[in-house]
A.B. asks: 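I am attaching a structure below and will ask some questions about it afterwards.
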Amino acid sequence: MKTKHTTLYIAALLASLTITSCTNDLPVDQNAEKDVLVMNGYIAADSTNNTIRIYQTGNQHPIDIKDAIVTVNVNGEFKETAKNQTNTIFTPEGETTEPTNTYLIKTPVKVGDVVRIDAQTADGKYHAWVEETVPQPMEAVEKVDTSTVANPLSSDYNGYSQLTCFKITIKDRPSESNFYQLVIDESLTDYIYSSYHDIFYTYPSTLTGYTGRNDVVLTDGNPTSGSEDDDGIISYTQGVENRYGVFDDKRFANSSYTMTVYNNSSYYITSPNYTIDAYIRFRSINETAFHYFKALNLYKSDNYDETLSGSMKFPSNVHDGTGIIVFSSETNKVIRLSNARLDE
């Protein structure tokens, strides 16, 4: 990872970063009732590569359930029994495989579909389920403007004098409450010239992340530069970094809004050897997932102290169990930030 601020692990879900890996960053709620099933996962519209993970709450640590029966129904119609994935183990005696608690869902769900996922243990003793409607996508990403600017932030990217500024104009879906998540992935291709072979070798990599510290919507009305001179209440609020990039539409309902975020891709743009494409992704997510990620922002912040605040209870959309299944649809735009200048 080249960037460290607002690193969205959820962003590592598309293209070369598969959408299933997000379940790695969904913590198991150990404050839940003991001996119940946990369902964690991310269901993206139109994907044939969605996964969920199944656990059982225990006394100390969650227990992986590797033989669960996971069924998928869409609009009341049975679609599939998800298969659990396996890991390959290499030993001196040879190669073996072992099951995991990750289950692949191949059924491509559509926006507006009512999706029900059931999970139960092989002995039928424990059962949990979730049912959600796949949210409609954002109306549009109308425009993306970028520029290289002097670093306006006192604490974020403090090793960089210049940052890339993204001004992204989005349009809300009208006449309904909406919940969104912003992800910015950047695909870098580094060209290294070999004089011996007289060719350029290519080395791809990915940047993921941004900071929206001074954006009104991303900070829920509390923008700041992160300076020690900021108002104390605002600074405390900003201590809860919106690292998962979630926001609702209450500040721009039924209209357009221009969001401002920054990252350090300008460091690479100045090199003649890089081609950089930015993938701007706005995901519509279910309401429970929005509140879950808000809670997770607090849980991972410096402001949260379990000794003082008590154990955190995460929002859940799982019935007869716990956990979170995120349902999403996406509106995106791809822009070229830099072309390699290989003749220089």
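Because only heavy atoms are used, hydrogens play no part in the values below, and waters and symmetry mates are left out as well, while side chains stay in.
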A.B. asks: What closest approach, in Å, do R283 and V183 show between heavy atoms, and which atom pair accounts for it?
C.D. replies: NH1-CG2, 3.4 Å

A.B. asks: Give the minimum heavy-atom separation between L104 and A82, together with the two atoms involved.
C.D. replies: O-CB, 3.3 Å

A.B. asks: Just checking F247 against Y180, ring centres under 6.0 Å apart?
C.D. replies: yes

A.B. asks: Quick one: which residue pairs count as a side-chain hydrogen bond (donor to acceptor under 3.5 Å, both in side chains) with a foot in residues 141-152, not counting sequence neighbours?
C.D. replies: E142-S256

A.B. asks: Can you tell whether the side chains of D118 and R116 come within less than 4.0 Å, N to carboxylate O?
C.D. replies: yes

A.B. asks: Taking all heavy atoms of F327 and all of N286, pick out the closest pair and write down the distance.
C.D. replies: N-OD1, 2.8 Å

A.B. asks: Apply side chain to side chain donor-acceptor pair (under 3.5 Å) to residues K300 and Y244 and explain how you reach the verdict.
C.D. replies: CA-CA 11 Å; K300 294 200 170 187; Y244 291 96; 3.2 Å; yes

A.B. asks: K167 and T260: side-chain donor and acceptor closer than 3.5 Å?
C.D. replies: yes

A.B. asks: Using side-chain heavy atoms (C-beta onward) and a distance below 4.5 Å, is T100 in contact with E98?
C.D. replies: no

A.B. asks: Could you tell me if the side chain of V115 sits less than 4.5 Å from the side chain of V134, heavy atoms only?
C.D. replies: yes

A.B. asks: May I ask you to decide whether K250 forms a salt bridge with D220, counting only side-chain N to carboxylate O separations under 4.0 Å?
C.D. replies: yes

A.B. asks: Kindly say whether S284 contributes a backbone atom to a donor-acceptor pair with the side chain of S328 at under 3.5 angstrom?
C.D. replies: no

A.B. asks: For D249, is there an ion pair with R173 - N to carboxylate O distance below 4.0 angstrom?
C.D. replies: no

A.B. asks: Has the side chain of T208 got a donor or acceptor atom that lies under 3.5 Å from a matching backbone atom of D185?
C.D. replies: no

A.B. asks: Within the 4.5 Å heavy-atom criterion, are N73 and K79 side-chain neighbours or not?
C.D. replies: no

A.B. asks: Report yes or no: do Y274 and N339 form a side-chain donor-acceptor pair below 3.5 Å?
C.D. replies: no

A.B. asks: Do D35 and Q56 have side chains that approach each other closer than 4.5 Å (heavy atoms only, starting at C-beta)?
C.D. replies: yes

A.B. asks: For the residue pair N101 and K66, what are the closest heavy atoms and their distance?
C.D. replies: N-CG, 4.0 Å

